[in-house]
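Beneath this line is the structure, given in structure tokens, with notes to follow.
Chain naming here is simple, since letters A, B, ... match the order of the sequence lines and numbering starts at 1 in each. Since the structure is predicted, the reported quantities are computational estimates derived from the model, not experimental observations.
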Protein chains: 2
Amino acid sequence: MTSSPQTSAFVPAGGAVHAPKADMDVMRCLVCDIRNKSLCNSMDEEGLAALAQSSRQLLLPPGMTIVEEGEPALAFFNVTRGTVKLFKSLPDGRRQITGFADAGQFLGLSTAQTYSFGAETVDNVRLCRFLRPQLETLLSDYPTFERRLLAAVTDKLAEAQEQMLLLGRKTAREKVASFLLDRMKAFHQTANRRQEVENMASVPMTRVDIADYLGLTIETVSRTISAFRRSLLIASAENHRIRILSVATLLNIASGQKTD
Amino acid sequence: MTSSPQTSAFVPAGGAVHAPKADMDVMRCLVCDIRNKSLCNSMDEEGLAALAQSSRQLLLPPGMTIVEEGEPALAFFNVTRGTVKLFKSLPDGRRQITGFADAGQFLGLSTAQTYSFGAETVDNVRLCRFLRPQLETLLSDYPTFERRLLAAVTDKLAEAQEQMLLLGRKTAREKVASFLLDRMKAFHQTANRRQEVENMASVPMTRVDIADYLGLTIETVSRTISAFRRSLLIASAENHRIRILSVATLLNIASGQKTD
DNA sequence: CGCCAGACTTGATTTAAATCAAGGTTGCAT
DNA sequence: ATGCAACCTTGATTTAAATCAAGTCTGGCG
């Protein structure tokens with residue numbers, strides 16, 4: 001594999017690569033383009049310098065393991081670009097994706113000695129890694145940061161409860177509609193430019209990932225998306241994007257109002 | 001409805017009742033029998049006095065609403081006796097129970113203005129209610145309490161991820177086996193006496209609640225429990241208890257190993 | 001003490017989604 | 001440009017669990 005313009009910043013295979021020295025200095029967090037959409041917005045200028053010195057930036061290509069189920073929980077991560085999938089597995093290989101962490105989201109919190117979940121990159125991902133002792137120092141030194149993390153975990157719990165409602169009680173059609181709307185919301189939160197982001201959803205993950213997230217099979221996901229396309233509720237766009245043609249209808253479907 | 005010895009401490013209907021003055025004084029938390037199994041174990045003697053003065057104790061009979069989906073999130077609760085169910089609903093009445101909070105567990109955290117979930121008592125419940133401003137004062141005044149809450153929410157998130165795996169990828173049989181084992185664990189954590197608690201599970205909730213927790217129907221729950229009983233994996237006991245006759249087999253079933 | 005409502009169980013049938021089975025697309029590597 | 005491997009789509013059939021349909025059990029009340 002030779003390097004191409006698109007992937008030149010990333011390792012071809014085998015492991016994480018640390019970003020160049022310039023990206024690790026005390027300024028990194030101060031100039032971070034998504035810091036106001038993340039935990040880091042709780043920090044003043046001095047705190048941002050402390051964050052930069054407590055963390056290392058990693059760049060990872062698609063399909064890389066960030067965290068392995070059952071391995072020692074040594075680090076905490078903040079995603080600053082791309083999308084990460086979090087999942088749990090059964091011994092026979094069945095897998096449930098419990099969430100996607102887009103730019104601005106954190107992952108890797110654990111009170112146990114080992115991670116109870118795995119995490120892998122979906123596309124090209126940039127993240128900041130905090131080793132546990134360093135995170136704990138930050139929490140103690142910056143009460144606003146700790147309060148912000150508590151709020152962020154509380155929000156994740158509310159999201160998880162919403163996903164339980166989806167998994168336990170929604171139909172395939174309702175699940176896919178909910179997913180597409182969530183991806184639209186994620187894209188809105190993530191995109192920095194106001195460039196025709198309206199009604200666009202970012203869907204960088206495969207059908208297998210979507211199925212494992214919604215508790216369905218790839219065939220059911222594919223059929224349902226095809227049906228939405230045929231009904232002109234959505235349209236495919238370039239770059240793994242989907243344009244949502246009728247947000248209102250999809251909202252009705254997602255919340256269980258019958259809209260056939 | 002006239003009062004009976006069993007329910008005399010509770011209101012017959014209509015609303016919460018505050019416990020007698022003696023239970024609200026500065027000593028309440030100091031003498032609380034489950035404080036070491038809850039968030040409150042992060043507090044020293046002075047902190048326990050502050051907790052007691054920041055909260056009121058409530059006693060509620062079965063089937064009472066504690067928190068209503070969509071209502072202003074004014075309070076945070078710590079369950080000190082009994083079992084509470086947390087749930088989310090769809091407009092057409094479909095319901096997903098997202099968790100059961102037994103003695104020692106908290107509920108009611110929210111960063112939004114309104115609760116995104118409902119909460120109701122399953123049996124006779126005792127809980128401590130903290131109004132939001134008072135909780136925030138406690139968090140600021142007692143850093144160990146805030147750290148403990150962060151850990152507790154992190155644990156809840158891990159539980160929620162485990163439940164997503166169950167809802168999305170487990171069979172009915174695996175779901176019910178997992179549930180019974182969880183109820184056994186909850187009973188062990190809750191019971192203070194070592195009185196033949198071994199292999200006992202506390203199941204105070206109805207089949208409807210179990211079904212809404214596991215993403216099944218009551219018929220499927222009933223059939224599955226009957227099948228386990230016929231296979232001598234479990235046996236019914238008094239007081240809404242179930243004795244687990246083969247923990248090992250149930251563990252195998254719960255984790256997807258085929259054990260027919 | 002026996003009635004009754006709510007909770008639970010069991011059986012028969014239906015159905016939404018899974019599984020099985022081909023193809024079709026796409027994009028990257030040679 | 002071409003081949004191929006991974007990904008996606010569509011169709012036919014099966015199946016696990018839902019739904020429909022009776023009962024049975026239980027405990028609190030008159």
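Rounded to whole Å, the distance from NZ on B:Lys175 to P on D:dA16 is 14 Å. For B:Arg94 and C:dA16, the CZ to C1' distance is 13 Å, given to the nearest whole Å. A straight line from CD1 of B:Ile225 to C1' of C:dC8 spans 10 Å, rounded to a whole angstrom. Protein atom CD of A:Glu219 is 16 Å distant from nucleotide atom P of D:dT15, rounded to whole Å. In this structure, the CG atom of A:Asp212 is 11 Å from the P atom of C:dA18, given to the nearest Å. Rounded to whole angstrom, the span from the CZ atom of B:Arg169 across to the P atom of D:dA16 amounts to 16 Å. In this structure, the CD1 atom of A:Ile210 is 13 Å from the P atom of D:dC7, given to the nearest Å. Atom CD1 of B:Ile218 and atom C1' of D:dA17 are 14 Å apart (whole Å).
Using a 4.0 Å heavy-atom cutoff across all strands shown, A:Thr217 reaches at least one base atom of the nucleic acid. A:Gly63 comes within 4.0 angstrom of no nucleic acid atom, judged by non-hydrogen atoms across all strands. Among the heavy atoms of the strands lying under 4.0 Å from A:Ser222 is at least one base atom, whether or not backbone atoms are also near.
Ranking D:dA18, D:dC8, D:dG11 by closeness to the B:Leu216 side chain, first place goes to D:dA18. Picking from D:dA17, D:dC20, D:dA18 the nucleotide with the shortest atom distance to the side chain of B:Ala172 gives D:dA17. Out of D:dT10, C:dT10, C:dA17, the shortest distance to the side chain of A:Thr220 is found at C:dA17. Out of D:dT9, C:dT10, C:dA17, the shortest distance to the side chain of A:Arg207 is found at D:dT9. Checking C:dT10, C:dA17, D:dC8 against every side-chain atom of A:Thr206, the shortest atom distance belongs to D:dC8.
At distances below 3.5 Å, at least one donor-acceptor pair connects side-chain atoms of B:Ser246 with backbone N or O atoms of B:Thr249. Not one N or O on the side chain of A:Gln189 forms a donor-acceptor pair closer than 3.5 Å with the backbone of A:Ala186.
For the atom pair A:Leu157 CG and B:Lys156 NZ, the distance stands at 8.5 Å (nearest 0.5 Å).
The base of C:dG11 lies close enough to the side chain of B:Arg223 for a donor and an acceptor atom to sit less than 3.5 Å apart.
Ion pairing between A:Asp102 and A:Arg183 holds under the 4.0 Å rule for side-chain N and carboxylate O.
The side-chain tip of B:Arg129 does not point at the ring of B:Phe77 from less than 6.0 angstrom away and within 45° of straight on.
One finds a side-chain N or O of A:Arg229 lying less than 4.0 angstrom from the OP1 or OP2 phosphate oxygen of D:dT9.
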